Protein chains: 2
Amino acid sequence: MPEQKPKQPPAGRAVVFESPTGETSTPELDDVVMDVIGRIADKWTMCVLEVLAQNGVLRFTRIGDLVGSISQRMLTKTLRQLEEDGFVIRTVYPEVPPRVEYQLTELGHSLCAAFCGVWLWAEKHYDQLQSLPKKARSA
Amino acid sequence: MPEQKPKQPPAGRAVVFESPTGETSTPELDDVVMDVIGRIADKWTMCVLEVLAQNGVLRFTRIGDLVGSISQRMLTKTLRQLEEDGFVIRTVYPEVPPRVEYQLTELGHSLCAAFCGVWLWAEKHYDQLQSLPKKARSA
DNA sequence: CAGAATCCCTGCGGATACTG
DNA sequence: CAGTATCCGCAGGGATTCTG
């Protein structure tokens with residue numbers, strides 16, 4: 001069976017995102033999306049984003065409490081990365097004891113809003129999802 | 001067990017997702033979402049999902065070509081995990097040479113659809129996003 | 001062709017200790 | 001309070017080799 005498809009992938013990915021409704025993305029957009037996913041798609045980042053999305057302005061320790069079992073190290077790294085990427089604003093008050101407040105930027109808020117579709121999807125398919133084979137689920 | 005663990009919360013977060021429009025989730029839903037994120041939120045999984053979403057039924061090697069620079073090891077692992085999690089169907093044809101075809105399940109398709117909001121968000125904020133500090137960008 | 005198995009290196013991330 | 005610095009285990013993942 002001779003493959004007539006001329007679309008041979010060059011070096012690197014050749015993925016182009018396309019929505020079921022026919023919305024296609026450009027390779028550049030695809031690249032950006034993958035990049036963003038790579039930045040935010042980890043447990044702590046997601047948790048911190050959501051905590052901030054819900055509570056607005058929060059201090060360092062407070063975020064840690066709300067997230068739960070995150071180490072200071074990871075909380076710091078996560079927040080700094082989010083700040084560097086423009087999703088979070090960090091405000092330091094020159095006081096003693098020190099006070100540092102964090103809040104989402106517009107970009108951060110819009111990102112959380114975009115993810116809303118995933119929550120809704122999860123809700124809709126809750127039965128199937130919660131019965132998935134346990135993998136890293138808290139024992 | 002004489003070992004004293006003063007505060008060991010249920011290995012837990014206290015995060016509850018809530019959309020900007022006021023849609024709140026239950027802790028259970030939150031848990032499921034985090035679980036799903038943990039399953040799919042990595043470079044290769046996302047790529048493979050998208051490749052399958054676009055092209056429908058694909059063979060092993062073809063997926064690898066479309067994704068680009070993925071190793072066989074990771075491709076296998078990724079596909080098996082997706083299969084185990086119910087996002088992909090794996091069909092083996094008892095032939096020589098062997099032929100194995102992959103395709104998304106309904107759940108897989110719906111997940112990709114849910115992520116559509118993220119592509120749209122990325123498109124809208126393309127300027128800000130593509131100018132983020134390079135981190136692990138690999139062309 | 002579609003993988004399984006192996007080697008091996010990297011870095012994520014937890015725990016702990018110290019500081020302004 | 002809000003970090004920084006350090007040690008370190010271990011899992012992720014690339015490259016390579018073997019096989020039905």
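Remember, predicted model here, so these are calculated numbers, not experimental data. In what follows, every chain begins at residue 1, and chains take the letters A, B, ... in the order their sequences are listed.
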Query raised in the report: How far apart are the C-alpha atoms of B/R59 and B/Y102, what are their side-chain angles, what is the distance that settles it, and do they pass the side-chain contact (heavy atoms from CB on, under 4.5 Å) test?
Result: CA-CA 6 Å; B/R59 298 181 63 173; B/Y102 295 88; over 6 Å; no
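Here the C1' atom of nucleotide C/dC1 and the CG atom of B/L79 are 14 Å apart, to the nearest Å. Atom CG in B/D42 sits roughly 10 Å away from atom C1' in D/dG12 (whole-Å rounding). Separating the CD atom of B/Q81 from the C1' atom of D/dG12 is a distance of 13 Å, rounded to the nearest angstrom. Distance CE (B/M74) to C1' (C/dA2): 16 Å, rounded to an integer number of Å. When the C1' atom of C/dA2 is taken as reference, atom CZ of B/F60 falls 6 Å away, rounded to whole Å. Look at CD1 on A/I70: it is 9 Å from P on C/dG13, rounded to the nearest Å. The nearest whole Å value for the distance from the CG atom in A/L58 to the C1' atom in D/dA2 is 15 Å. Note: CG (A/L75) to C1' (C/dA15) measures 16 Å, nearest angstrom.
Counted within 6.0 Å of CZ on A/R99, heavy atoms from surrounding residues, nucleotides or ligands total more than 12; the atom is thus considered enclosed.
By the salt bridge (charged side-chain N to carboxylate O under 4.0 Å, His left out) test, A/R90 is found to be paired with no residue, residues two or more places apart in sequence or in another chain being considered. In terms of the side-chain contact (heavy atoms from CB on, under 4.5 Å) criterion, residue partners of A/Q128 (sequence neighbours excluded) are, by chain and number, A/H125, B/L107. Every side-chain contact (heavy atoms from CB on, under 4.5 Å) that B/T61 has, sequence neighbours left out, goes to B/D65.
Here CZ of B/R39 is found 11.0 Å from OG1 of B/T45. Values are rounded to the nearest 0.5 Å. Note that the CD1 atom of A/I40 and the OG1 atom of A/T78 stand 12.5 Å from one another [nearest 0.5 Å]. A distance of 9.0 Å separates CD1 in B/I70 from CD1 in B/I63, rounded to the nearest 0.5 Å. With rounding to the nearest 0.5 Å, the separation of NE2 in A/H109 from CD in A/Q103 is 8.5 Å.
Rotation axes derived from the C1' atoms of the five outermost pairs at either end of the helix from C/dC1-D/dG20 to C/dG20-D/dC1 lie 40° apart, to the nearest 10°.
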Could you list, one pair per line, each protein nitrogen or oxygen that sits under 3.5 Å from a nitrogen or oxygen of nucleotides 4-6 of chain C, together with the distance?
residue: C/dA4; atom: OP2; partner: B/R80; partner atom: NH1; Å: 2.8

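Summarising the geometry of B/F60 relative to B/L75, their closest heavy-atom pair is O-CD2, 3.5 Å, with the distance given to 0.1 Å.
Distance from the side chain of A/K77 is smallest to C/dC12 among C/dG14, C/dC12, D/dG13.
Here the side chains of A/W121 and B/L111 are in contact, with some heavy-atom distance below 4.5 Å.
Annotation: proximity of residues 95-104 of chain A to DNA chain C (heavy atom, distance under 4.0 Å) is found for A/P98, numbered in ascending order.
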